[in-house]
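Quick caveat: nothing in here was measured; it's all calculated off a predicted structure.
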Amino acid sequence: MLRPSSPPHFWRRCWPFSFVVAASLVLCGCVDQDPAFRRTLSAPVAFEVDGALVAYDSAGRRFAVLRGGATGSVAAAVATSFIDWPHEAPRQGRSGDGKRLLVMDPADRILGAVDPATGKASAWKLPSEFTTLTPGPDGKHAVVWHVNGGAQASSLVNPAEVGLVDLDAPSLEKDNPRVATITGLSRPPIRAQISPEIVAANGKHRVVWVESVSMIGIADFGPSGVRTLVVPLTPPESTVGIVPIKTVTRVDGATLHLYLIASNSNDVVHLSITVGGDKLGTSIDQLASGKGPTDILLFGAGTSLRVATLNATSKELAVLDPSSGAGTFVTLEQAATAFVPYTDADQHPWALMWLGSANSQWLQLVDLERVDKKKGKAIDVLKAELVVRAVVPTKTLFALRHSSGVTGLSLLDPASGKLTSFAGTGLVQDMRVQGDSLFVHGRVGGSSAMSRIELTDLHGSSVNVSPGGDKLLAFGDAGVALTGLGLGSFRVAVFAAG
């Protein structure tokens, strides 16, 4: 089964537009414009949250929750409920588990969580004008911090300050959020991230790490308090600053392992953080990765754990053993800068390598476990008919988006290496996998079309959509929703899966 890596969570700054809901069925071949299925709200963007679409109605100071119903009739396709929210919502994003919408109002120092399953919203008062937030991977915690060194704040802030919010604790509980100042973090934060729960002998811990130029700040939120530490990434005499690009992690007992690549560095930085002792334990080492690393992933476990990097400058794939520092380096036939990890039918780790959204038709499939022995023979090189602009994994295939209005989409079967191209989608704007179907939104001239491809037999069909949209979101079991601006309104059209 193809298994995509988790996409990064990000925050959107939201501005007011009006919001219109329309229901349609792909099966009926038309878009229902009956006014009975319209709602006008002041909502800039919808989020996919636990099978529902959630959008903020600033005029009504509430969130609209749209859920899909039965797929057999248009009338049942959209049901709307509302959750009161007496604050602004300029920044919104999903919790790590995708079950709640997190809302931030820095001016009022409020963090909220909107739960469409319960129909309730919780709010926490923040002790500082934190301007951004990173959700934890399990959806139970989040870290608030000051992006750009607090430049977006309207009051005095300490950029080295972070707060850990327990999203399952009552909003008025004491010491929630728990706040720490990472003394010695002298550079503005680039990003802050939070670990999964780490269980040590003395209890449960959450580690927050703050990535900055040439340094990492650490805050260990444990059962007996908070401990902080700053780890330099370059020696004191260095005049070259390295900027973290990407970090991947694993937890081994009471130790959190960070593997980091950075600009101006040809190494993987391996930072170990152990939380179980009387003191916060850290160790740091470097693995030579090749020149200009652009992406990193982990595969294997235990003594078989390996670190893979793509290196743009040296045009290499590196597979590194973190226990010994040894590595296998393979010169690629075609340049690649990004991994899309997946597993084959036997659950062995593979990766698709490509050049991101640059002008390239080349794709490379690598059997990661065999690189050490087979080197370049572990890589299959393929050429798509057109330049590849985006790669979307499905259960067994890769959907490739092209920048052509004639052939906008291809499907790649990684097991056989075969490509199937589709015409008539228009210039593809977005793609979304829902169940055994791939939904595709495309534009042809001034019109738009929604296409659906059955992934079991590759049968395709289309329906015209007017006005069009910008983004596809899953809509529970009801299908997908096409969201975007149309006729001066923010519009959602629901396309049923059944």
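The main-chain N or O of T313 is never found under 3.5 Å from a side-chain atom of N311 such that the two would form a donor-acceptor pair. Between the side chain of N266 and the main chain of G292, a donor-acceptor pair closer than 3.5 Å is present. Put simply, the side chain of H402 gets close to the backbone of V387: a donor and an acceptor are under 3.5 Å apart. Side chain of D346 to backbone of H348: no donor-acceptor contact under 3.5 angstrom is found. Although no hydrogens or angles enter the test, the distance criterion places no donor-acceptor pair under 3.5 Å between the side chain of D344 and the main chain of W350. Side-chain atoms of Q361 come within 3.5 Å of backbone atoms of A384 as a donor-acceptor pair (strictly under, hydrogens ignored). Of the possible polar contacts, one joining the R191 side chain to the P244 backbone as a donor-acceptor pair under 3.5 Å is found. Remark: the backbone N or O of A192 is paired with a side-chain donor or acceptor of T134 at under 3.5 angstrom. Between the R206 side chain and the S195 main chain, a donor and an acceptor come within less than 3.5 Å of each other. Side-chain atoms of Q364 come within 3.5 Å of backbone N or O of Q334 as a donor-acceptor pair.
The CG atom of N464 lies 6.0 Å from the OG atom of S447; values are rounded to the nearest 0.5 Å. Atom-to-atom distance recorded for L233:CG and S265:OG is 8.5 Å, nearest 0.5 angstrom. Taken from CD1 in I194 to CG in L164, the straight-line distance is 4.5 Å, to the nearest 0.5 Å. Annotation: the span from Q434 atom CD to L473 atom CG amounts to 10.5 Å, rounded to 0.5 Å. The line from NE2 of H141 to CG of L167 is 7.5 Å long, rounded to the nearest 0.5 Å. From L368, atom CG reaches atom CD1 of I379 across 9.0 Å, with rounding to the nearest 0.5 Å.
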#### Entry: Verdict with supporting geometry, E211 and T247, side chain to side chain donor-acceptor pair (under 3.5 Å)
CA-CA 9 Å; E211 299 172 11; T247 302; 2.7 Å; yes

### Message
Before you tell me yes or no, could you show the steps for L412 and L352 under side chain to side chain contact (heavy atoms under 4.5 Å, CB included), namely the whole-Å CA-CA distance, both residues' side-chain angles and the distance that decides it to 0.1 Å?
### Response
CA-CA 11 Å; L412 167 64; L352 180 148; 4.0 Å; yes

### Task
Decide yes or no on side chain to side chain contact (heavy atoms under 4.5 Å, CB included) for L256 and H205, but give the supporting numbers first.
CA-CA 11 Å; L256 171 67; H205 295 248; over 6 Å; no

### Task
Would you sort out whether V248 and V307 count as a side chain to side chain contact (heavy atoms under 4.5 Å, CB included), showing the intermediate values?
CA-CA 10 Å; V248 291; V307 181; 5.8 Å; no

### Step-by-step side chain to side chain contact (heavy atoms under 4.5 Å, CB included) determination, I245 to T294
CA-CA 8 Å; I245 298 173; T294 56; over 6 Å; no

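In this structure, I198 and A254 approach most closely via the heavy-atom pair CG2-CA, 3.8 Å. Nearest heavy atom pair, residue T309 against residue S289, reads OG1-O, 3.4 Å. M431 approaches V428 most closely through the heavy-atom pair CG-CG1, 3.8 Å. Smallest separation of non-hydrogen atoms from P414 and Y342: CB-OH, 3.6 Å. Of all non-hydrogen atoms in A64 and T80, the two that sit nearest each other are CB-CG2, 4.5 Å. Here the closest non-hydrogen pair linking I261 and P293 is CG2-CB, 4.0 Å.
A heavy-atom distance below 4.5 Å is not found between the side chains of L102 and F47. With contacts defined as side-chain heavy-atom distances shorter than 4.5 Å, the pair W145/V208 does not qualify. Between S448 and H441 the shortest side-chain heavy-atom distance falls below 4.5 Å. Taking the side chain as every heavy atom from C-beta outward, F329 and V371 never approach each other to under 4.5 Å. Between F63 and V49 there is no side-chain heavy-atom pair separated by less than 4.5 Å. A 4.5 Å side-chain heavy-atom check between V269 and I216 finds every atom pair outside the cut-off. Here the side chains of F299 and P341 are not in contact, with every heavy-atom distance at 4.5 Å or above. Counting heavy atoms from C-beta outward, T132 and R91 have side chains that stay 4.5 Å or more apart.
The stretch residues 363-372 participates, sequence neighbours left out, in these salt bridge (Lys or Arg N to Asp or Glu O under 4.0 Å) pairs: R306-D372, D367-R370. Sorted by first then second residue, the salt bridge (Lys or Arg N to Asp or Glu O under 4.0 Å) pairs that include residues 322-334, not counting sequence neighbours, number zero. Under the salt bridge (Lys or Arg N to Asp or Glu O under 4.0 Å) criterion, no residue pair touches residues 396-406, with sequence neighbours excluded. Applying the salt bridge (Lys or Arg N to Asp or Glu O under 4.0 Å) test to residues at least two apart or on different chains, the pairs with a partner in residues 421-441 are E48-R432, K395-D436.
Of the N and O atoms on the side chains of S360 and W354, not one donor lies less than 3.5 Å from an acceptor on the other residue.
When N264, V243, I242 are each tested for a side chain to side chain contact (heavy atoms under 4.5 Å, CB included) with S214, only one passes: I242. Applying the side chain to side chain contact (heavy atoms under 4.5 Å, CB included) test between L133 and each of V147, V103, L111 identifies L111 as the sole match.
Partners of D50 according to the salt bridge (charged side-chain N to carboxylate O under 4.0 Å, His left out) rule, which considers only residues two or more places apart in sequence or in another chain, do not exist here. For N359, the side chain to side chain donor-acceptor pair (under 3.5 Å) partners two or more places apart in sequence, or in a different chain, are R389. For E454, the salt bridge (charged side-chain N to carboxylate O under 4.0 Å, His left out) partners are R452, not counting sequence neighbours. With sequence neighbours left out, the side chain to side chain donor-acceptor pair (under 3.5 Å) criterion links Q429 to no other residue. With sequence neighbours left out, D380 forms a salt bridge (charged side-chain N to carboxylate O under 4.0 Å, His left out) with no residue at all. Legend: residues meeting salt bridge (charged side-chain N to carboxylate O under 4.0 Å, His left out) with D168, ordered by chain and number and at least two apart, are R100. Shown here are the side chain to side chain donor-acceptor pair (under 3.5 Å) partners of T255, two or more places apart in sequence or in another chain: T274. By the side chain to side chain donor-acceptor pair (under 3.5 Å) test, S314 is found to be paired with E316, residues two or more places apart in sequence or in another chain being considered.
The number of heavy atoms from other shown groups lying within 6.0 Å of NZ (K315) is above 12.
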